[in-house]
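Along the sequence shown, the residues carry numbers beginning at 1.
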Amino acid sequence: MGSAPPIPATDWLPDDSETESFSLPDGRRLAYATYGDADGYPVLFCHGTPGSHVIARLLAEPARQHGVHLIAPDRPGIGNSEDASVTLEDWPDDAAYLLSHLDIDAAGAVGFSGGGPFALACHRLPEIERIALLGSSGPPSVGATGRVQQFVGALSRHAPWALGRIFRLQRWVAVRRDPSYAVGFVAEEVPETDALSADEVARIVRADMLTAMARGPSGIIREQRLLSQPWPFALEDISVPVSVFQGQNDANVAPSTGTAITQRLPDASFEAVDSDHLGTLTAAGNDALAAVQRRTHV
């Protein structure tokens with residue numbers, strides 16, 4: 001199974017060429033993309049909210065260098081994945097079917113931003129050996145929630161139609177504006193990586209936004225509602241090792257959230273990252289992949 005094609009030098013919009021899909025037992029199609037080393041250690045990547053598999057492109061080269069087979073599914077209602085009322089409690093079942101589809105019996109998991117809770121939810125899967133969080137959202141009762149997140153969470157619960165209009169407007173503007181418009185939602189400035197220029201990073205971020213709403217905003221609205229409510233599992237019950245990376249200049253997820261999550265997890269490490277929200281992914285993604293690649297089972 002090959003990896004996605006390299007990032008083109010010219011501007012681009014998301015299409016179906018880099019994703020594959022398979023049928024879940026209930027008949028839904030779940031889409032996913034792979035990056036890095038196709039023969040490497042499998043790592044499940046959980047994208048943010050809003051977000052899609054596209055953002056995993058930022059870790060494609062670090063994954064290749066670490067010998068990691070990065071598997072990035074689009075959750076229900078995102079990208080090419082069909083929509084369904086999948087909750088945080090249900091998501092691990094979809095993830096398990098994906099791992100089984102790929103004949104994977106041992107893997108790590110990485111969650112970025114709003115994908116962190118979905119990565120943590122997979123702790124109950126016997127295949128998941130380690131988890132890493134990059135600027136992860138926390139339960140409503142843990143850490144601090146920014147005003148924007150509070151506002152979006154409230155709209156998702158009480159006026160989803162209004163939130164849908166906001167997301168549609170953002171997508172409409174993103175299609176017509178420079179890629180830096182999309183970056184403004186997740187970073188103070190566009191970061192560079194060892195493999196990607198700032199311009200390429202910006203294009204990936206914009207494509208991630210566009211892909212997230214390719215089927216409309218319903219999947220995103222449902223996830224925003226889920227993340228603003230109590231989680232169906234306790235952090236104290238997560239037994240697998242978790243590595244937490246938290247940007248100290250993060251305007252999307254308060255730095256105190258990463259510390260609070262770490263303190264409640266039974267087996268966790270914490271690393272402060274001198275960066276903003278998106279910068280946590282690009283600056284610490286390499287270390288996150290290295291952390292989850294270490295096996296805990298013989």
**Request:** Could you name each residue pair satisfying salt bridge (charged side-chain N to carboxylate O under 4.0 Å, His left out) that touches residues 92-117, not counting sequence neighbours?
**Result:** Arg28-Asp94, Asp93-Arg124
**Message:** Donor-acceptor check, side chain of Arg130 to backbone of Gly108, threshold 3.5 angstrom: yes or no?
**Reply:** no
**Asked** With a 4.5 Å limit on heavy-atom distance, are the side chains of Pro117 and Ser136 in contact?
**Response** yes
**Side chains of Ile71 and Phe45 in contact at under 4.5 Å (non-hydrogen atoms)** = no
**Complete:** Across all chains, not counting sequence neighbours, the ring pair (Phe, Tyr, Trp, His ring centres under 6.0 Å) partners of His123 are Phe233
**Asked** Salt bridge between Glu61 and Arg64, side-chain N to carboxylate O under 4.0 Å?
**Response** yes
**Request:** Please report the C-alpha distance between Asp37 and Val68 in whole Å, then the side-chain angles of each, then the deciding distance to 0.1 Å, and finally whether the side chain to side chain contact (heavy atoms under 4.5 Å, CB included) criterion is met.
**Result:** CA-CA 5 Å; Asp37 183 354; Val68 165; over 6 Å; no
**Request:** With the side chain counted from C-beta on, respond yes when Glu127 and Pro42 share a heavy-atom pair under 4.5 Å apart, and no when they do not.
**Result:** no
**Message:** Do Tyr35 and Leu59 make a side-chain contact, defined as non-hydrogen atoms from C-beta onward lying under 4.5 Å apart?
**Reply:** no
**Request:** Specify whether His101 and Tyr32 have parallel, tilted or perpendicular ring planes, treating 30° as the upper limit for parallel and 60° as the lower limit for perpendicular.
**Result:** perpendicular
**Item:** Derivation and outcome, side chain to side chain contact (heavy atoms under 4.5 Å, CB included), residues Leu88 and Phe118
**Value:** CA-CA 6 Å; Leu88 265 176; Phe118 290 90; 3.7 Å; yes
**Asked** Less than 4.5 Å apart, any side-chain heavy atom of Val190 and any of Leu278?
**Response** no
**Request:** Using modelled atom types only, decide if a donor and an acceptor are shared between the side chain of Thr280 and the backbone of Asp276 within a distance under 3.5 Å.
**Result:** yes
**Message:** Under the criterion side chain to side chain donor-acceptor pair (under 3.5 Å), I'd like the reasoning laid out for Ser23 against Arg29: C-alpha separation, chi angles, the key distance, then a yes or no.
**Reply:** CA-CA 5 Å; Ser23 292; Arg29 301 293 294 181; 2.5 Å; yes
**Asked** So do Val273 and Gln248 actually touch side chain to side chain, heavy atoms under 4.5 Å?
**Response** no
**Asked** For the side chain of Asp208 and the backbone of Val205, is there at least one donor-acceptor N/O pair under 3.5 Å apart?
**Response** no
**Side-chain donor-acceptor pair present, Thr19, Asn80, cut-off under 3.5 Å** = yes
**side chain to side chain donor-acceptor pair (under 3.5 Å) between His66 and Asn286, worked out** = CA-CA 8 Å; His66 280 285; Asn286 190 67; 2.9 Å; yes
**Request:** Please assess Gln246 against Thr259 for the test side chain to side chain contact (heavy atoms under 4.5 Å, CB included), listing each intermediate value before the final yes or no.
**Result:** CA-CA 8 Å; Gln246 177 62 56; Thr259 304; over 6 Å; no
**Message:** Whether the side chain of Thr211 engages the backbone of Ala207 through a donor-acceptor N/O pair (distance < 3.5 Å, no angle test) should be reported.
**Reply:** yes
**Message:** Taking salt bridge (charged side-chain N to carboxylate O under 4.0 Å, His left out) as the cut-off, I'd like each qualifying pair that reaches into residues 66-79, sequence neighbours left out, listed once.
**Reply:** Arg75-Glu223
**Item:** Residues that Phe185 engages under ring pair (Phe, Tyr, Trp, His ring centres under 6.0 Å), provided they are two or more places apart
**Value:** Tyr181
**Counterpart residues, ring pair (Phe, Tyr, Trp, His ring centres under 6.0 Å), relative to Phe112 (two or more places apart)** = His277
**Request:** Taking atom CG of Asp26 as the centre, report whether more than 12 heavy atoms of other residues, nucleotides or ligands fall under 6.0 Å from it.
**Result:** yes
**Item:** Cys46 and Trp91, any side-chain heavy atoms less than 4.5 Å apart
**Value:** yes
**Prompt:** What residues form a salt bridge (Lys or Arg N to Asp or Glu O under 4.0 Å) with Asp267, not counting sequence neighbours?
**Reply:** none
**Request:** For side chain to side chain contact (heavy atoms under 4.5 Å, CB included), just list the numbers for Leu120 and Ile238, CA-CA rounded to whole Å, side-chain angles, deciding distance to a tenth of an Å, and then say yes or no.
**Result:** CA-CA 8 Å; Leu120 287 173; Ile238 297 176; 3.8 Å; yes
**Request:** Give a yes or no on whether the backbone of Gly115 and the side-chain of Ser113 come within a donor-acceptor separation of less than 3.5 Å.
**Result:** no
